[in-house]
Amino acid sequence: MSVTSEVPAAYRNTAGDPGAVRLIREGIDDVRSRRRLVRYLVAADMRKRGADTLLGNLWWIIDPLLQMVVYVVLVTLIARGRSIPDYPLFIFAAILPWKWFTASVVDATSSVASQDRLIKQIAFPKIVLPVAATTAGVVGFAFGLIPLFGLMLFTPDRITFYLLLIPVIAAVQFVFTQAVALLVSAGNVFFRDLGNVARHVLRLWFYLSPGLYSIAVLEQVNLLDQFPILRTLLLLNPFAILFTAYRTVIWGTSPDGPPTTPDWGALGLLAVASVVFLALATVVFKRLEPNFAKVL
């Protein structure tokens, strides 16, 4: 049977079954009861990527810095980004969480499909695989905070207690990232080209998010008024909220304004939406889970 015919069958056999709440509870229980397995998989993933070595840890420090330098040079020379004070910090506040998101999604995409032998031989909850991949990304994000704090030493006026809110924003991002990870890991079992598609989508997603620019800049040039579709995309883009929140506590809200509290309303709305998204993703993953061994 072809792969394409497996997917509709998987949905036909399970989509009409009641018990979404039961599936969500099973997913939570699977992760809670296999905490040691998750920790083992996180450690194994770190060893695989060399993240438990000095070079692996340094890469999480060097890579976002190199990206920052490239963007600063390009934007400064081409788009006159020099008009934004402390522009390297302005960009880095978005590059770091984005690197965490992309690394987690890319790793999660192949987390299930790459364990075909294990899945066929051992009966265990497959949901722990994408959960472990996403959790491993948290470790990398923590190392990425080192160059962020080092960069802020050059802008001491922006060092405030609001930096302590970074974990709060990161918690919201983690929930959203986990939901995406569950969907792409399950989808890649049935559509093996999903990994390549995800990389292109992620690249486009970043440029459509206010990472290299701010929403205020778009409003100043009346771009949002000229193209209302852009305003709609920003409102629907979770990273428009996340980038703005990170930037608010790290860089500030304006060139001359100090860091302050993020927009709690927008961040809270995203947190609720992410929890709902994660619940739906868990249901989809658990309903497709019995078909993984058949397809792999």
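The residues of the chain are indexed from 1 along the displayed sequence. Because only heavy atoms are used, hydrogens play no part in the values below, and waters and symmetry mates are left out as well, while side chains stay in.
- Using a 4.5 Å heavy-atom threshold, the side chains of L270 and S274 count as touching.
- Residue D30 forms a salt bridge (Lys or Arg N to Asp or Glu O under 4.0 Å) with just one option from K286, R25, R35, and that option is K286.
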**OP:** Carefully, step by step, assess T260 and T253 under the rule side chain to side chain contact (heavy atoms under 4.5 Å, CB included).
**Re:** CA-CA 8 Å; T260 183; T253 57; 3.8 Å; yes
Original post:
Going through the checks in order, is the side chain to side chain donor-acceptor pair (under 3.5 Å) test met by N237 and S209?
Top reply: CA-CA 7 Å; N237 187 352; S209 305; 2.7 Å; yes
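- Taking the ring centroids of F90 and Y87, they lie under the 6.0 Å cut-off.
- Each of F141, W205, F206 was compared with F101 under the ring-ring contact (aromatic ring centres under 6.0 Å, His included) criterion, and only W205 meets it.
- L234 and A240 get closest at one heavy-atom pair: O-CB, 3.4 Å.
- Between F277 and F176, the ring planes are tilted. Angles from 30° to 60° get that label.
- Residues L164 and F174 do not share a hydrophobic cluster, clusters being chains of Ile/Leu/Val/Met/Phe/Trp/Tyr side chains in contact below 4.5 Å.
- Residues T244 and P262 are not in side-chain contact: their nearest non-hydrogen atoms beyond the backbone lie 4.5 Å or more apart.
- The minimum heavy-atom distance between P97 and F92, with the atom names listed, is CD-O, 4.3 Å.
- Atom CD1 of I215 sits about 8.5 Å away from atom CD1 of I241, to the nearest 0.5 Å.
- Note that OG1 of T109 and CG of L202 are 8.0 Å apart. Values are rounded to the nearest 0.5 Å.
- Atoms CD1 and CZ, on I127 and R34 in that order, are 11.5 Å from each other to the nearest 0.5 Å.
- Distance check: R287 CZ to T282 OG1 gives 12.0 Å after rounding to the nearest 0.5 Å.
- Rounding to the nearest 0.5 angstrom, the gap separating the OG1 atom in T160 from the CZ atom in R158 is 10.0 Å.
- A donor-acceptor distance shorter than 3.5 angstrom exists from the side chain of E289 to the backbone of K126, with no hydrogens or angles considered.
- For F292 and F285, the distance between ring centers is under 6.0 angstrom.
- In this structure, G211 and A94 approach most closely via the heavy-atom pair CA-CB, 3.7 Å.
- Between D263 and T248, every side-chain heavy-atom pair lies at or beyond the 4.5 Å cut-off.
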**OP:** Tell me, with the steps shown, if I250 and L163 meet side chain to side chain contact (heavy atoms under 4.5 Å, CB included).
**Re:** CA-CA 6 Å; I250 295 173; L163 292 174; 4.0 Å; yes
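- Of all heavy-atom pairs spanning V131 and V38, the tightest one is CG1-CG1, 4.4 Å.
- Closest approach of S104 to T177, counting heavy atoms only: CB-CG2, 3.7 Å.
- Cluster annotation: V175 and L280 are assigned to distinct hydrophobic clusters (Ile/Leu/Val/Met/Phe/Trp/Tyr, side-chain heavy-atom contacts under 4.5 Å, transitive).
- Between the side chain of R247 and the backbone N or O of P210, at least one donor-acceptor pair lies under 3.5 Å.
- One hydrophobic cluster, built from ILVMFWY side chains closer than 4.5 Å, holds both V168 and F149.
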**OP:** Might you work through the side chain to side chain contact (heavy atoms under 4.5 Å, CB included) test for I166 and V249, ending with a clear yes or no?
**Re:** CA-CA 7 Å; I166 291 179; V249 301; 4.1 Å; yes
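- Under the 4.5 Å side-chain heavy-atom criterion for ILVMFWY residues, no single connected hydrophobic cluster contains both L242 and V276.
- Taking every heavy atom of both residues into account, G187 and L194 meet most closely at C-CD2, 3.7 Å.
- Residue I159 is grouped with residue L145 when hydrophobic side chains (ILVMFWY) are merged at heavy-atom distances under 4.5 angstrom, including chains of intermediate members.
- Within the 3.5 Å criterion, the main-chain N or O of V106 finds no donor-acceptor partner in the side chain of R199.
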Original post:
For L288 and V189, what are the C-alpha separation, side-chain angles and deciding distance, and is it a side chain to side chain contact (heavy atoms under 4.5 Å, CB included)?
Top reply: CA-CA 10 Å; L288 292 177; V189 173; over 6 Å; no
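- A distance-only check finds a donor-acceptor pair linking the side chain of W251 to the backbone of P85 [under 3.5 Å].
- Not one N or O on the side chain of D86 forms a donor-acceptor pair closer than 3.5 Å with the backbone of L89.
- For the atom pair CG of L165 and OH of Y246, the computed distance is 11.5 Å after rounding to the nearest 0.5 Å.
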